[in-house]
Engineer: 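Could you have a look at this structure, given as C-alpha cells, before my questions?
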Amino acid sequence: MSTYNFDYLDELEAEAIHILREVAGQFEKPALLFSGGKDSITLVRLAEKAFRPGKFPFPLVHIDTGHNFEETITYRDKMVERIGERLIIGSVQESIDQGKVVEQKGKNASRNALQTITLLDTIAKYEFDACIGGARRDEEKARAKERIFSVRDEFGQWDPKRQRPELWNIYNGKIHKGENVRVFPISNWTELDVWNYIRRENIELPSIYFSHEREVITRNGQLMAASPFLNMDNEDVVFRKQVRFRTVGDMSCTAAVESEATLIDDIISEISESKISERGARMDDKVSEAAMEDRKKGGYF
C-alpha cells in the first residue's frame with residue numbers, strides 16, 4: 001500500500017490550489033491581480049499546477065502606476081510571454097489624464113493610493129466578479145481581519161463587519177449584481193513560507209529581490225531608490241548602497257533594506273532573524289495607524 005508524506009509546504013500548496021479551483025468553479029469572470037512581486041509570482045506557479053495543461057480560466061491583471069521598478073516590468077513581460085496567458089494592464093497615468101484621480105503633491109507624493117480608482121475602473125470595464133491576489137494575513141493587521149473570500153460591495157468597498165464564516169474549507173462566493181469578491185489563496189502563508197516555496201519550486205524572481213548596488217537616498221529613516229519619481233530636493237543626498245527589496249510596489253513608496261543576500265538561502269536566513277514585517281518597508285502604510293484598513297475600505301486590494 002502506497003503512503004504519501006506531505007510536508008507543510010505541500011499542505012499550503014494543496015489549500016491554495018483548492019481555492020483557485022473554487023474560484024474557477026464559482027465565478028463567471030475571475031481575474032488574477034499580478035504586481036510582479038514574489039507573492040503574485042507564487043500565485044502564477046500555483047495556477048499552473050491547478051490548471052495545466054489547460055489555459056488559466058482567468059487573465060492576469062496588472063494595475064500599472066507608471067512608477068514601477070524597471071526590473072519588475074521586464075520580468076512581467078518575459079513571464080507573460082513564457083506562460084502564454086492573457087495580460088490586461090490598467091494604467092494609473094490614464095486615470096490621471098482622464099481627470100479621475102489627482103496626482104499627489106509634495107515631497108512624499110506617491111501614486112500608490114491612486115491605484116484604487118484604476119483597479120475599480122478595470123473591474124467594472126471587464127466585469128470581473130472575483131479578483132485573486134497574493135495578500136497574506138501576516139503582512140499587516142488589516143489584512144489579518146480579512147477572510148479568504150472577501151466580499152466587496154458595488155462600490156468596491158470592504159466592510160470588516162461583513163465577513164462570512166469559512167468553516168471546513170467551504171467558501172461562499174455568492175454575491176449580488178455589482179458586487180465582487182477578492183480572493184486570497186495564500187492568506188495562511190507567511191513571508192518565510194513563500195520564500196521556502198520559491199526555493200523548493202526554483203521560481204525565478206525579479207533581480208531587485210536580491211542584493212545589488214543601487215543609488216539611494218535616506219527619507220523618513222528608510223532607504224529609497226533614487227529615481228525621477230521621487231520629489232527630491234537639496235536635502236536629499238544620493239549615495240550608493242548594497243541593498244535589496246523585501247516587497248515590490250510603486251518606487252515612490254517602497255523602501256529597500258541593507259543586505260548582502262544574493263542567494264535564496266541567504267534571504268531566508270535574513271527573514272528568520274528579522275523582527276520587522278516586510279510591510280515595514282512600505283511608506284504608504286506609515287501615513288496613519290489605520291492606513292491600510294482605510295485604503296481597503298475605499299476599494300484598495
Engineer: Is it true that a side-chain atom of Asn231 and a backbone atom of Gly106 form a donor plus acceptor pair closer than 3.5 Å?
Structural biologist: yes
Engineer: Would you say Arg244 and Phe210 make side-chain contact, with heavy atoms under 4.5 Å?
Structural biologist: no
Engineer: Between Arg200 and Asp7 (salt bridge meaning N to carboxylate O under 4.0 Å), is one present in this structure?
Structural biologist: yes
Engineer: Salt bridge or not between Lys49 and Glu201? Use side-chain N to carboxylate O under 4.0 Å.
Structural biologist: yes
Engineer: Check Thr72 against Gly36 and note the closest heavy-atom contact, atom names and distance.
Structural biologist: CG2-CA, 3.7 Å
Engineer: Please examine the side chains of Asp250 and Val92, heavy atoms only from C-beta on, and report whether any two atoms are closer than 4.5 Å.
Structural biologist: no
Engineer: Side-chain contact, heavy-atom cut-off 4.5 Å: Tyr197 with Ile203?
Structural biologist: yes
Engineer: Does Ser35 offer a backbone N or O that forms a donor-acceptor pair with the side chain of Ser40 under 3.5 Å?
Structural biologist: yes
Engineer: Indicate yes or no: at least one non-hydrogen side-chain atom of Glu191 is less than 4.5 angstrom from one of Trp195.
Structural biologist: yes
Engineer: Roughly how far, to the nearest 0.5 Å, is the CD1 atom of Ile17 from the CD atom of Glu48?
Structural biologist: 11.0 Å
Engineer: Dump the intermediate steps for salt bridge (charged side-chain N to carboxylate O under 4.0 Å, His left out) on Glu94 and Lys125, then the final yes or no.
Structural biologist: CA-CA 14 Å; Glu94 287 185 7; Lys125 178 179 178 179; over 6 Å; no
Engineer: Please confirm whether the backbone N or O of Thr118 pairs with a side-chain atom of Asp121, one donor and one acceptor, at under 3.5 Å?
Structural biologist: no
Engineer: Please examine the side chains of Asn172 and Phe149, heavy atoms only from C-beta on, and report whether any two atoms are closer than 4.5 Å.
Structural biologist: no
Engineer: Is a side-chain donor or acceptor of Asp129 paired with a backbone partner of Glu28 at a separation under 3.5 angstrom?
Structural biologist: yes
Engineer: How many angstroms lie between atom CG of Leu43 and atom CG of Leu20, to the nearest 0.5 angstrom?
Structural biologist: 6.5 Å
Engineer: Inspect the surroundings of CD in Glu70 and state if more than 12 heavy atoms from other residues, nucleotides or ligands are less than 6.0 Å away.
Structural biologist: no
Engineer: Counting only heavy atoms not in Glu204, do more than 12 fall under 6.0 Å of its CD?
Structural biologist: no
Engineer: Table please: side-chain donor-acceptor pairs of residues 255-264 below 3.5 Å, with sequence neighbours left out.
Structural biologist:
{"from": "Ser259", "atom 1": "OG", "to": "Ala261", "atom 2": "N", "distance (Å)": "3.0"}
{"from": "Ser259", "atom 1": "OG", "to": "Glu270", "atom 2": "OE1", "distance (Å)": "3.3"}
{"from": "Ser259", "atom 1": "OG", "to": "Glu270", "atom 2": "OE2", "distance (Å)": "2.6"}

Engineer: Please examine the side chains of Thr65 and Gln115, heavy atoms only from C-beta on, and report whether any two atoms are closer than 4.5 Å.
Structural biologist: yes
Engineer: Measuring only between side-chain heavy atoms, which start at C-beta, is Trp189 closer than 4.5 Å to Asp138?
Structural biologist: no
Engineer: Could you walk me through whether Glu235 and Lys107 pass the salt bridge (charged side-chain N to carboxylate O under 4.0 Å, His left out) test, one step at a time?
Structural biologist: CA-CA 11 Å; Glu235 295 180 358; Lys107 191 166 183 175; 3.5 Å; yes
Engineer: Kindly compute the distance separating CG (Asp64) from CD1 (Ile88), expressed to the nearest 0.5 Å.
Structural biologist: 14.0 Å
Engineer: Looking at Val243, is its backbone amide N or carbonyl O close enough to the side chain of His212 to form a donor-acceptor pair, meaning the two atoms are under 3.5 Å apart?
Structural biologist: yes
Engineer: How close do Asp39 and Gly134 get, counting heavy atoms only, and between which atoms?
Structural biologist: CB-O, 3.5 Å
Engineer: Once you round to the nearest 0.5 Å, how far does CG of Leu60 lie from CD1 of Ile89?
Structural biologist: 10.5 Å
Engineer: Do Glu81 and Lys78 meet the salt-bridge criterion of a basic N to acidic O distance under 4.0 Å?
Structural biologist: no
Engineer: Where is the tightest heavy-atom contact between Ala130 and Val183, given as atom of each residue plus distance?
Structural biologist: CB-CG2, 4.5 Å
Engineer: Quick check: do Phe184 and Arg147 have side-chain heavy atoms less than 4.5 Å from each other?
Structural biologist: no
Engineer: Under 3.5 Å, side chain of Gln26 to main-chain N/O of Gly173, donor-acceptor pair present?
Structural biologist: yes
Engineer: Which heavy atom of Met232 sits nearest to which heavy atom of Ser227, and what is that distance?
Structural biologist: CE-O, 3.9 Å
Engineer: Please determine which of Val216, Leu230, Thr254 meets the side-chain contact (heavy atoms from CB on, under 4.5 Å) test together with Met224.
Structural biologist: Leu230
Engineer: Set out, in order, the CA-CA distance, both residues' side-chain angles and the distance that settles ring pair (Phe, Tyr, Trp, His ring centres under 6.0 Å) for Phe27 and Phe58, then state yes or no.
Structural biologist: CA-CA 10 Å; Phe27 298 97; Phe58 40 69; over 10 Å; no
Engineer: For the residue pair His18 and Tyr171, does the interplanar ring angle fall in the parallel (under 30°), tilted (30 to 60°) or perpendicular (over 60°) class?
Structural biologist: tilted
Engineer: Of all the heavy-atom pairs spanning Pro57 and Pro30, show the shortest one and how long it is.
Structural biologist: O-CG, 3.7 Å
Engineer: What orientation do Tyr126 and Phe128 show, parallel under 30°, tilted 30 to 60°, or perpendicular over 60°?
Structural biologist: parallel
